[in-house]
Amino acid sequence: LWQYICDEFKNKLSTISYNTWLKAVKPVAFSGNTLVIEVPTALHKDYWKANLSNQAATMIETSIGQKITIIAKLPEEPNPLQKPRYATSQPTGQNAVDSRPTFMRETKLNDKYTFETFVIGKGNQMAHAAALVVAEEPGALYNPLFFFGGVGLGKTHLMHAIGHQMLTNRPDAKVKYVTSEAFANDFINSIQTKRQEEFRKEYRSVDLLLVDDIQFFADKEGTQEEFFHTFNALYDDKKQIVLSSDRLPNEIPKLQKRLVSRFKWGLSVDITPPDLETRIAILRNKANADHSAIPDDTLSYIAGQIDSNIRELEGALVRVQAYSSMTHMPITTSLAADALKNLKLNGKSNEISISVIQDKVAKYYHISISDLKGKKRVKSIVLPRQVAMYLARELTDASLPKIGHEFGGKDHTTVIHAHEKISAELDNNSELQREVGDLKGKLKK
Ligand code: ADP
Ligand code: MG
């Protein structure tokens, strides 16, 4: 299916557009009539949502006759087809693609996150060096290795790079990468399915355990307890543990003292925002990898616009490339300035929350919020409810389970259904078009 979509787009789009929007995308799950794809940046996600998802769905429908929905997600976002995280009751009847319990699945490291593609600069030099040491001599020197620093500075990249390097040295090594949320989720699932033994065996038999974003352990007592034992088992076995967080262990609220003290046994290194030179080098690498010729002064200009987050920096480059391909103009500094002006506007208009949507929709249709989130099946309530879900899907980045949750704990399929229903209805119902248009206008203000 994915191959088919790629082939079709290859014919339809220019090479640069194709390279920009399709090359770095991969399918991650297909279930029911929903295809989930993974895209590298928030810009890709927006673009897919606004343009390509619908185009691809139309292609499939006209050729195969099957209606499908395509959802783009970022690598760090949960797969919307999987159970919502922290679900403790109400298991939903979804057919996961891989039927093994989540904790038994192999780690898929991102191929792009290697030491080769990592640009070294002042802010990350020490983190990079420590990562390399640990990859070469796991368990020997810095255990655990703890990265901390702001969002988009390369913590996840380095963790994957360690995993790749270790597998290159020892192809039979068992490497496991999880976010702290995935760990918590796995743990809870193992209790629900009475497979705690297997869970423990799985986590305690690895050679390298990478746990990303452990600040999300805050508040999860049971999970911390379990992680404490996992940590001890691995540590005693001299297996390497690598952790990351957006702050130091002792600054993470509600993290058990004994975990904080263990996390300090090894080495903690921070990653600070890249200086201008490093940012230019990162952009240059990226442009080269995309075979896109960008003048130096333009690279400097872009690097000067975004200074604290490498993900956004990459997003800015993609935006400039896309802008150039859409306008058929070569990439210059003035073109970059135009392209990035829009980026800033977009960033602001994105911050619409589900509760604001619910509020506006309820007022607009003169119904109560509790009816909007409730279960009543009368038409005067069902329509506003579906409109609100549709808008939540269109105007926010929230995942399907998250939207379902915000609407009184509904299943993600209900959200998909509502979205499809309203989309179809909008094609031939001018009154609804006007209403939805009005609502969008109000929300964007
Ligand atoms: P974090 O986990 O710290 O939030 P990531 O590791 O996800 O950040 O990095 C965000 C993006 O920036 C990724 O696409 C990553 O490849 C890229 N990146 C970060 N640091 C570097 C670097 N030093 N060289 C090249 N790319 C980098
Ligand atoms: Mg990360």
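In what follows, every heavy atom counts, from backbone to side chain, and hydrogens, waters and symmetry copies are set aside. Atoms within a ligand are numbered from 1 in the order they appear, just like the ligands themselves. Values in this document were obtained by computation on a predicted structure and should not be read as measured data.
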Colleague: Can you check whether F183 and Y203 have ring centres sitting under 6.0 Å from each other?
Modeller: yes

Colleague: Find all atoms of ligand 1 within a distance of less than 4.0 Å from any non-hydrogen atom belonging to I310, and give their numbers and elements.
Modeller: 12 (O), 17 (C), 18 (N), 19 (C), 20 (N), 21 (C), 27 (C)

Colleague: Would you give the length of the straight line joining atom CG of N124 to atom OG1 of T272, rounded to the nearest 0.5 angstrom?
Modeller: 7.5 Å

Colleague: Please determine whether T156 has a backbone or side-chain N, O or S atom lying under 2.8 Å from the Mg ion (ligand 2).
Modeller: yes

Colleague: Is it true that the side chains of D212 and T179 contain a donor and an acceptor less than 3.5 Å apart?
Modeller: no

Colleague: Enter the distance from F227:CZ to L209:CG here, rounded to the nearest 0.5 Å.
Modeller: 6.0 Å

Colleague: Return the CH2 to CD1 distance between W48 and I71, rounded to the nearest 0.5 Å.
Modeller: 12.5 Å

Colleague: If you round to the nearest 0.5 Å, how far is OG1 of T230 from CZ of R200?
Modeller: 8.0 Å

Colleague: Heavy atom under 4.0 Å from ligand 1: found in I271's side chain, backbone, both, or neither?
Modeller: neither

Colleague: Which ligand 1 atoms does N124 reach within 4.0 Å, using its non-hydrogen atoms?
Modeller: 23 (N)

Colleague: Does either side chain, that of E137 or that of Q240, offer a donor lying less than 3.5 Å from an acceptor on the other one?
Modeller: no

Colleague: Could an N or O of ligand 1 be found under 3.5 Å from any N or O of G154, whether backbone or side chain?
Modeller: yes

Colleague: For ligand 1, which is the ligand I care about here, please tell me if V119 has any N or O atom under 3.5 Å from one of the ligand's N or O atoms.
Modeller: yes

Colleague: Examine V151 against ligand 1 and note whether any of their N/O atoms are separated by less than 3.5 Å.
Modeller: no

Colleague: Measure K112 to ligand 1 on non-hydrogen atoms and call it side chain, backbone, both or neither using the 4.0 Å cut-off.
Modeller: neither

Colleague: To which of H157, H128, K155 does the heavy atom nearest atom 26 (N) of ligand 1 belong?
Modeller: H157

Colleague: Determine, using heavy atoms of G150 and all atoms of ligand 1, whether some pair is separated by less than 4.0 Å.
Modeller: yes

Colleague: For ligand 1 and L153, I'd like to know whether there is a polar contact (N/O to N/O, distance under 3.5 Å).
Modeller: yes

Colleague: Ring centroid separation for F9 and W21, is it under 6.0 angstrom?
Modeller: no

Colleague: When you measure from atom 25 (C) of ligand 1 to each heavy atom in L74, T114, T117, which option holds the nearest one?
Modeller: T117

